[in-house]
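Everything on this sheet refers to the single structure shown next.
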Amino acid sequence: PPADFSRKAREVLIDKKNRPDKAAELDGALIGTVHSICERFIRKYWFELGLTLPLNVLSDVDKKLYMSRIAEIAAGEDDILFFSEFAREFSMNEDFWKQSIAEIINKKYSFGIEDFSESRQASLEFIDSVFHGDTPNPEEITEQVVPFLEALLDFVKTDNLNKGIVDESKTGMKRQRSLERVLSDAASVLEKTNLILSNVDTKKKSIFIQDYWKDMIEKRGIDPEEIAGIAERHVLSKEIGNRLKECTVKLFDLAETWEKEYDRFKKENGLLDFNDMEQRFIRLLTEERFEHVRKDIGDTYKVMMVDEFQDSNPVQIRIFRQLMELVDETVFVGDSKQAIYGFRGTESSLVDDFIRQRIPSKESLKVSYRSRPELVRAANDIFCHAWGVSKQEPDPDNPTAPYDGLSLHPDRNTHDGQDPALQHWNAPLKSPRATKLDYLTIGRKIRKIVEDKTCKVVRKVKNKKTGKEEEILDSIRYGDIAI
């Protein structure tokens with residue numbers, strides 16, 4: 001929190017730097033998140049902005065709850081039925097449409113988009129550019145795909161327990177062999193196949209894959225490449241594209257309805273959310289009638305420092321660009337390798353463009369003081385590979401030495417008795433289609449290493465006799481672990 005940062009900075013300036021004068025100046029500093037800074041100025045100039053008191057800020061949690069409620073109200077029975085059928089057809093969560101509407105709304109605010117029309121049209125054109133093939137004809141489905149799925153089911157029929165699942169699926173395919181039914185059932189069949197195979201021991205699975213499966217498809221005259229071609233044509237067909245376009249139009253229509261209802265709700269209840277505060281702050285920084293506000297900022301503040309700059313969205317970048325014109329000096333601190341807020345509308349390429357165009361002098365921080373050498377060098381390897389550059393770590397003693405621009409030099413040392421800095425935990429998935437690691441497995445592993453007291457960390461303690469800080473090896477505690 002900003003208050004903690006100010007307190008710690010003040011302690012360093014007084015205790016370690018002997019600069020009480022600079023510590024006193026912190027009282028006049030404005031420290032906080034982008035939203036909290038915007039809120040400070042909006043509360044100061046509420047009257048000029050045409051707002052009424054009291055100003056009530058809607059939290060992200062409350063906004064999410066209200067968004068879900070409004071989405072359900074805005075969507076009619078036909079919409080909900082369509083989304084339910086669409087979810088089953090494409091193996092999606094039935095509430096996917098609520099999350100999609102939220103993403104559309106958030107992107108609109110984060111990128112400062114005026115209305116949905118251009119984004120809607122661009123989305124439809126993109127779908128047309130990808131999904132433009134012909135749909136496989138029913139004969140191909142009957143002659144090629146159905147035998148393939150039947151062979152797949154026979155392949156996994158290993159015992160009586162699986163036999164019921166297999167026979168039920170095969171009966172369903174024989175009962176209705178239409179193109180739409182067979183292809184929509186394919187995902188379910190494959191899911192059951194994966195579930196069954198996951199329960200087959202490794203030796204038996206190996207025999208199946210190497211011998212039985214290969215022999216089965218050859219005897220039935222099935223060509224895997226032809227099946228793959230049919231599947232690709234179906235996936236990229238106009239028919240699929242038309243379904244996606246129908247869904248896209250409904251999502252944008254509901255997003256427009258939701259926005260109108262949400263704006264009405266905020267106005268009636270005197271509420272502002274974080275997006276409103278950013279937009280109103282931009283008005284203070286750009287509109288001609290607020291020249292006195294900009295003069296106030298320029299007279300009061302001389303330096304602007306932005307931390308975690310890589311996580312800025314386009315609207316926030318616009319705010320920083322305007323503030324740069326009002327202060328004497330600006331410092332941006334960021335690392336594109338640490339950009340983690342894409343889901344909030346941040347765009348690292350826009351940040352990189354802004355740096356190239358607006359920041360004349362740049363300095364790379366080439367030394368890592370935080371992490372152990374193994375971790376630093378592992379990160380160097382990963383990012384150099386991802387960025388496609390040859391790794392060349394910086395040499396702190398030779399600033400002119402060749403440097404790849406990404407790697408860091410580790411300053412810390414590994415102490416004798418410490419466990420390896422890198423460990424791999426093989427956590428099983430809950431099911432073949434799971435997307436998250438089993439958090440219970442991770443929790444049990446963490447509890448074990450804490451209770452066993454075998455994992456050691458370096459801890460700084462004050463020597464009671466000398467009063468100086470010393471490093472000791474100590475057993476790891478829960479508070480030492482970040483997840």
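- Applying the salt bridge (charged side-chain N to carboxylate O under 4.0 Å, His left out) rule to E246 yields the partners R243; only residues at least two apart in sequence or on another chain are considered.
- A side-chain donor from one of D296 and Y45 sits under 3.5 Å from a side-chain acceptor of the other.
- Counting only N and O atoms by type, the side chains of N463 and E470 include a donor and acceptor under 3.5 Å apart.
- Taking the six-membered ring for Trp and the full ring otherwise, F332 and F354 have centroids separated by under 6.0 Å.
- A salt bridge is defined here as a Lys NZ or Arg NE, NH1 or NH2 lying under 4.0 Å from an Asp or Glu carboxylate O, and D273 with K266 meets this definition.
- Between F252 and F116, the two ring planes are perpendicular [angle over 60°; tilted spans 30° to 60°].
- Using a 4.0 Å cut-off between a side-chain N of Lys or Arg and a carboxylate O of Asp or Glu, E94 and R88 qualify as a salt bridge.
- A salt bridge between E268 and R264 is present, with a side-chain N of the basic residue lying under 4.0 Å from a carboxylate O of the acidic one.
- Sorted by first and then second residue, the salt bridge (charged side-chain N to carboxylate O under 4.0 Å, His left out) pairs involving residues 392-402 (not counting sequence neighbours) are R377-E393.
- By the 4.0 Å N-to-carboxylate-O rule, D411 lies too far from R370 to be salt-bridged with it.
- For the 3.5 Å distance criterion, the side chains of N275 and K108 fail to qualify, holding no donor opposite an acceptor.
- At most 12 heavy atoms of other shown residues, nucleotides or ligands fall within 6.0 angstrom of atom CZ in F47.
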